[in-house]
Amino acid sequence: MSPRSLEPERFDAIIVGAGVGGLYAIHRLRTLGLKVRAFEAGAGVGGTWYWNRYPGCRCDVESLEYSYSFSNELQQEWLWPERYGTQPEILRYVNHVADRFDLRREIEFNTRVKEIVFDSKTNVWTVKTDKGKIATARYCIMATGNLSTPRRPNYSGLGRFKGNWYHTGQWPHEGVDFTGLSVGVIGTGSSGVQSIPIIAKQAKHLYVFQRTANFSLPARNAPMNPSKEMAHKAEYPERRRAAFDTPFGIAGYPPPQKSALEASEEERLRAYEAKWMEGGSISFLYSFNDLLLSKEANETASEFVRRKIRATVKHPQTADLLCPNDHPIGTKRLILDTDYYETYNRDNVTLVDIRNKPIREITPTGLSTADAEYQLDAIVFATGFDAMTGAMKEIDIHTDAGMSIQQKWEHGPRTYLGIMIAGFPNLFMITGPQSPGVKSQMILSCEQHVDWIADCLEYLRARGISGIEAEQDAEDAWVRHNNEVANRTLYPQANSWYVGANIPGKPRIFMPYVGGVTAYKKRCDEVAANGYQGFRLGTSIEEPRSAAQ
Ligand code: FAD
Ligand code: NAP
């Protein structure tokens with residue numbers, strides 16, 4: 001409330017979150033002349049790159065791709081020191097963007113949005129924060145992130161643990177020195193795999209507690225090659241455009257033409273070996289055109305990586321445990337690492353199988369599994385996030401018609417294009433469920449959504465329309481389409497966070513759109529060109545009127 005009037009502060013648009021998506025939304029909506037305000041739970045900008053400060057955290061998309069494209073000056077002037085950006089480097093970059101475009105003045109930091117309520121008579125959302133602030137806006141833009149609600153297993157005894165414990169997604173800003181300590185890392189997804197080699201070099205002893213083995217490929221990180229950078233930057237505008245003509249929003253990889261099953265064994269091995277040496281996950285999955293469609297084809301790539309693991313890890317039992325056997329390669333986020341498998345050849349590293357002998361409890365001096373006690377000075381939870389729906393469901397979002405997001409998504413998320421939700425007018429999401437966000441270069445997807453939303457708001461303003469809402473039929477059809485597309489692939493076969501399998505009790509729904517960035521953008525553009533097909537436009541949702549009226 002403003003102190004003088006006790007009236008809520010009024011804005012045209014409120015943005016929740018100041019990661020790469022929220023920041024671009026501030027910039028883009030401000031250029032429309034809208035009065036915007038962003039609320040951010042953290043003390044700084046950057047989202048993912050602000051929170052995830054664990055050792056070894058870095059991007060698995062190349063720096064020259066994982067960056068904003070909206071300003072050519074920006075993309076030309078920023079120099080990336082390495083092939084893949086480290087977390088500190090990306091955070092420096094995002095802070096540079098915030099300063100260069102003077103975005104901070106619209107952001108209230110250290111402020112968590114707790115409740116958002118829609119008034120259908122005025123078509124206005126009221127936003128309440130944990131600081132007691134109340135603000136209103138016609139439009140809410142949820143830039144709350146897909147991997148922003150860290151989760152750890154609910155083991156008993158953590159409160160009595162005498163050492164320190166950490167979650168990779170909430171890492172202390174001052175860093176952690178594990179020198180001389182006995183450390184346990186629980187979890188072997190991307191965060192675990194990136195941090196394990198570095199923690200192993202510091203710790204007296206490292207125990208890795210693995211429930212499921214994951215596929216990981218060498219990143220082959222290297223200092224940036226200046227001539228490659230110059231050549232890339234010279235082609236930036238065309239490359240950025242070309243990225244939209246690719247499934248994952250990343251240009252530069254020729255689409256494969258051949259099935260793995262049409263190739264001879266020798267040809268396959270040659271292809272996989274070349275990709276293994278080149279480094280990078282998209283490149284590897286692009287070896288053949290059916291690796292994510294045919295289990296038989298996929299098995300040839302999966303087995304190639306298993307052989308690499310066995311050839312790297314000296315202890316045969318450890319190697320066996322590290323070989324993934326419960327999902328086709330690429331159906332969980334394919335991990336990129338630096339010396340992950342090599343780390344298990346160190347004398348101070350022990351891999352513990354908690355699939356067959358689960359963790360029973362945390363003890364004051366470590367943890368106990370079904371058959372052993374481990375003495376630990378520190379525990380690292382690399383156990384991931386309540387992905388894609390967690391951040392939205394943590395906010396009490398409801399309408400005066402009595403509809404809440406918790407009820408609406410009780411059996412899994414339902415959206416139209418991953419941008420809007422039927423029953424929640426004027427509330428937009430950036431890279432929401434059922435959009436390709438997490439299956440793409442995410443800065444590209446954030447930019448695409450923000451641009452689409454900004455164009456939509458301009459369209460509404462030009463026609464004096466104050467309300468937009470996804471139609472129920474359009475949403476149902478989009479959810480159906482998502483499932484159909486996913487079911488044509490191998491993705492749903494994995495117990496991944498894409499289906500919510502990492503969170504006990506979470507409904508099993510395949511959440512990202514895997515029809516590819518090209519098809520998705522085409523659909524979004526067609527919807528807009530057809531006067532926002534599948535959306536109800538009106539001065540209020542009770543009085544629908546079409547844009548033509
Ligand atoms: P986020 O960066 O998650 O930002 C959301 C922000 O919203 C956060 O700052 C959060 O504090 C804030 N917020 C949430 N709820 C509230 C609330 N109620 N009130 C106030 N503020 C709130 N993607 C790639 O494409 N390539 C990669 O290599 C890659 N690496 C990753 C590595 C890690 C460790 C993780 C966790 C993710 C990675 N991702 C990667 C995905 C990454 O999340 C996106 O690339 C991108 O940073 C998402 O930006 P965002 O703005 O959408 O969300
Ligand atoms: P994650 O992929 O969900 O991995 C979590 C790990 O913790 C898994 O090994 C999981 O085992 C384990 N785990 C979870 N709950 C457990 C329990 N109750 N008991 C035992 N083990 C448990 O999480 P993440 O590693 O943080 O990565 C999340 C996503 O963030 C990635 O997929 C990626 O998109 C992004 N990310 C990217 C990078 C990068 O390289 N740029 C780095 C980090 C994160 P199960 O497999 O058995 O569930």
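First listed ligand is number 1; within each ligand, the first listed atom is number 1. The residues of the chain are indexed from 1 along the displayed sequence.
For the side chain to side chain donor-acceptor pair (under 3.5 Å) test, residues two or more places apart in sequence or in another chain that qualify with Lys308 are Glu273.
Using a non-hydrogen distance threshold of 4.0 Å, Arg333 registers as a contact of ligand 1. Ligand 1 lies out of reach of Leu23, whose nearest heavy atom is not under 4.0 Å from it. Taking 4.0 Å as the cut-off, Ile430 does not count as a neighbour of ligand 1 on heavy-atom distance. Under the 4.0 angstrom criterion for non-hydrogen atoms, Tyr84 is not in contact with ligand 1. At least one heavy atom of Ser440 lies less than 4.0 angstrom from ligand 1. Note on ligand 1: Tyr50 sits outside its first shell, no heavy atom being nearer than 4.0 Å.
Checking Arg240 against Ser67 by side-chain atom types alone, a donor-acceptor pair falls below 3.5 Å. Inspection of the Lys439 and Tyr498 side chains reveals an N or O donor paired with an N or O acceptor under 3.5 Å. There is a side-chain donor-acceptor pair under 3.5 Å between Asn495 and Arg508. With 3.5 Å as the limit, one finds a donor-acceptor pair spanning the side chains of Glu447 and Ser69. Using a 3.5 Å distance cut-off with no hydrogens or angles, the side chains of Ser445 and Ser440 do pair a donor with an acceptor.
Ligand 1 places these atoms under 4.0 Å from at least one heavy atom of Gly145: 1 (P), 3 (O), 5 (C), 53 (O). Heavy-atom proximity to Ser148, at under 4.0 Å, picks out these atoms of ligand 1: 3 (O). Close approach to Cys59 involves these atoms of ligand 1, each under 4.0 Å from a residue heavy atom: 26 (N), 27 (C), 28 (O). The atoms of ligand 1 that sit less than 4.0 Å from any heavy atom of Tyr54 are 34 (C). Per-residue contacts place Phe39 under 4.0 angstrom from the following atoms of ligand 1 (heavy atoms of the residue considered): 20 (C), 21 (N). Less than 4.0 angstrom separates some heavy atom of Ala143 from each of these atoms of ligand 1: 5 (C), 6 (C), 7 (O). Against a heavy-atom cut-off of under 4.0 Å, Ile395 is close to the following atoms of ligand 1: 18 (N). For ligand 1, the atoms lying closer than 4.0 Å to a non-hydrogen atom of Trp51 are 8 (C), 9 (O), 10 (C), 11 (O).
By heavy-atom distance, the residue among Asp396, Val61, Thr144 lying nearest atom 14 (C) of ligand 1 is Thr144.
The N/O atoms of Met442, backbone and side chain alike, include one that comes under 3.5 Å of an N/O atom in ligand 1. For the pair Gly42 and ligand 1, the shortest N or O to N or O distance does not fall below 3.5 Å. At a 3.5 angstrom cut-off on N or O pairs, Phe385 does not count as close to ligand 1. Checking only distances, Val20 does come within under 3.5 Å of ligand 1, N or O to N or O. Taking only nitrogen or oxygen atoms, main chain and side chain alike, Ala391 does not reach within less than 3.5 Å of ligand 1.
In summary, Arg58 and Glu82 engage in a salt bridge, as defined by a charged side-chain N under 4.0 Å from a carboxylate O. One finds no salt bridge joining Asp386 and Lys393 here, because no Lys/Arg side-chain nitrogen approaches an Asp/Glu carboxylate oxygen to under 4.0 Å. Ion pairing of Glu278 with Arg83 is absent here, as no side-chain N (NZ or NE/NH1/NH2) approaches a carboxylate O to less than 4.0 Å. A salt bridge links Arg28 with Asp455: at least one charged nitrogen is closer than 4.0 Å to a carboxylate oxygen.
Contact detail for Tyr84 and Ser63: the closest heavy-atom pair is C-OG, 3.5 Å.
Note: Leu321 CG to Thr188 OG1 = 10.5 Å, rounded to the nearest 0.5 Å.
Side chain of Thr415 to main chain of Pro433: a donor-acceptor pair is present (N/O by atom type, distance under 3.5 Å, no hydrogens or angles).
Proximity of atom 25 (O) of ligand 1 to the protein is indicated by at least one non-hydrogen atom lying closer than 4.0 angstrom.
Within 4.0 Å of ligand 2, protein heavy atoms come from Tyr54, Arg58, Cys59, Asp60, Leu147, Pro153, Tyr155, Gly187, Thr188, Gly189, Ser190, Ser191, Gln194, Arg211, Thr212, Lys332, Arg333, Ile354, Arg355, Ala382, Thr383, Gly384, Phe385, Trp497.
Scanning all protein heavy atoms for the shortest distance to atom 33 (C) of ligand 1 gives Thr48 CG2, 3.7 Å.
Partner of Asp99 under the salt bridge (Lys or Arg N to Asp or Glu O under 4.0 Å) criterion, out of Arg105, Arg104, Arg92: Arg104 alone.
Ring geometry, Tyr24 versus Tyr68: the interplanar angle falls from 30° to 60°, so the pair is classed tilted. Taking the six-membered ring where the residue is Trp, Trp171 and Tyr54 present perpendicular rings, their angle passing 60° and hence far from 30°.
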